[in-house]
Amino acid sequence: MTAAPAQRGARILLSSPDVGGREQELVAEAIASGWIAPLGPMVDAFEERIAERCGRRHAVALSSGTAALHLGLLELGVRPGTAVIVPTLTFAATANAVTYCGAEPVFVDCDPDSGVLSPELLEHALLSLQQAGTDVSAVVPVDLLGRCADYTALDPVCDRFGVPVVSDAAESLGAAHASRPAGSFGAVAALSFNGNKIMTTSGGGMLLTDDPRTADRVRYLSTQARQPAVHYEHTEIGFNYRMSNVLAALGLAQLERLDGMIGRRRALRERYAEVFTGIPGADIFQRSGDRSDNCWLTAVIVDRDRTGWSVEELRAALEAAGIESRPLWKPMHQQPVFAGAPTYLDGSADRLFDCGLTLPSGSALRDDQVDTVMGALGAFLGERR
Ligand SMILES: *Cc1c(COP(=O)(O)O)cnc(C)c1O
């Protein structure tokens, strides 16, 4: 159920929050209970349920996914003078968190089909960095658009080089890889509950780990690193990164509805797959093997030599019909802010960025809005056949 349905005729967005009656109920309960300040029983319950869902011993609710990445990296020993391997095809937050620790991101390319970190290029990068005497303090695989990274192939490589893994699971809650839930991989994993993600607390994140010491340390660092003394003794620099009890209430309600929301996104992907069936050169991104993905965003990959039209033409046609669509993440090695960073590339991320377009994928889309999108796509494709 949707609390504030968009107006008929309003712009159709990529992934808007799907929030309704159950969310209002639990948030009202949190406020009525008097637990407004950060922390409280809803934070404890939310952590417990997320840990259970992700198959982890410990979960720490934080103010954002970026905060979870930052503290996870710090706790694994990421420091100035070290390098951290980040897939070039990701959202900037993954690389930003590395720079917060004073370390240098090294950008590695992706598998050309699935878009997740390439195990072969990772191995090549680790070997080459080792030979150059670079201290690699972590690898951060990203679960792209709800597809888990290929941990089966990545983990043994990282083990062999003795480098810890921080899993960026910001986009993949509810997905799985090799029968294990997203968030269960890596020494630590980070989830995001930002407004556009598969479920939201309006803004928030979670750090997941099986190590009790790491969980304790992250709780401590995220609440200003206060030593247990009445006068607040500080021996380390802390952060104000905890999640508030009111937002955890929102998260609890969203988590109850997670499977339903994933189901709606998956059904949308099926509709897109139908529309593009029989269009040579236009393929649904990550379609192969997507049964255990959470289908957070659906994208189409367009080979304009075969279709005769480009993703930019498609984007413009959708825009004219009041429908938002967007290229895939602009690779980090193309971002001005990361110019000059070391890279290990084979052109895969560049190609996906040039040829990929993400389409409206939100679970809050009404049936008539879905029909509008499919109609606009059908009209575009019909004209160009
Ligand atoms: C959204 C996102 C983040 C950051 O999460 P926030 O909660 O917005 O800080 C990190 N990594 C990836 C891949 C993301 O998509």
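Whatever order the structure lists them in is the order used to number ligands and atoms, beginning at 1. Side-chain atoms are counted along with the backbone in the values below, which use heavy atoms only and exclude waters and symmetry mates.
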Ignoring hydrogens and geometry beyond distance, is a side-chain donor-acceptor pair present between [X] and [Y] at under 3.5 Å?
X: T307; Y: R384; answer: no
X: R242; Y: T223; answer: no
X: E236; Y: Y220; answer: yes
X: H333; Y: D109; answer: no
X: Y151; Y: S167; answer: yes

Show the atoms of ligand 1 that are less than 4.0 angstrom away from any heavy atom in [X].
X: S64; value: 7 (O), 9 (O)
X: V142; value: 13 (C)
X: A170; value: 2 (C), 3 (C), 10 (C), 11 (N), 12 (C), 14 (C)
X: G204; value: 7 (O)

Identify, for [atom], the protein heavy atom at the shortest distance, and state residue, atom and that distance.
atom: atom 11 (N) of ligand 1; answer: D168 OD2, 2.8 Å
atom: atom 13 (C) of ligand 1; answer: E171 OE2, 3.2 Å
atom: atom 2 (C) of ligand 1; answer: K197 NZ, 2.7 Å

Exercise for review: Determine whether the side chain, the backbone, both or neither of T90 has a heavy atom under 4.0 Å from any heavy atom of ligand 1.
Suggested key: side chain

**Study point:** Mode of A93 contact toward ligand 1 - side chain, backbone, both, neither (heavy atoms, under 4.0 Å)
**Key:** side chain

Review point. Counting both backbone and side chain atoms, is some N or O of L69 under 3.5 Å from an N or O of ligand 1?
Key: no

Review point. For T66, is at least one N or O under 3.5 Å away from an N or O on ligand 1?
Key: yes

Review point. Do you know which of R56, H58, R219 makes side-chain hydrogen bond (donor to acceptor under 3.5 Å, both in side chains) with E47?
Key: R219

Check your understanding: Do Y344 and L122 have side-chain heavy atoms sitting under 4.5 Å apart?
Key -> no

Exercise for review: Please confirm whether F239 and Y100 have ring centers closer than 6.0 angstrom.
Suggested key: no

**Study point:** For atom 7 (O) of ligand 1, the option (of A92, G205, G146, S192) bearing the nearest heavy atom
**Key:** S192

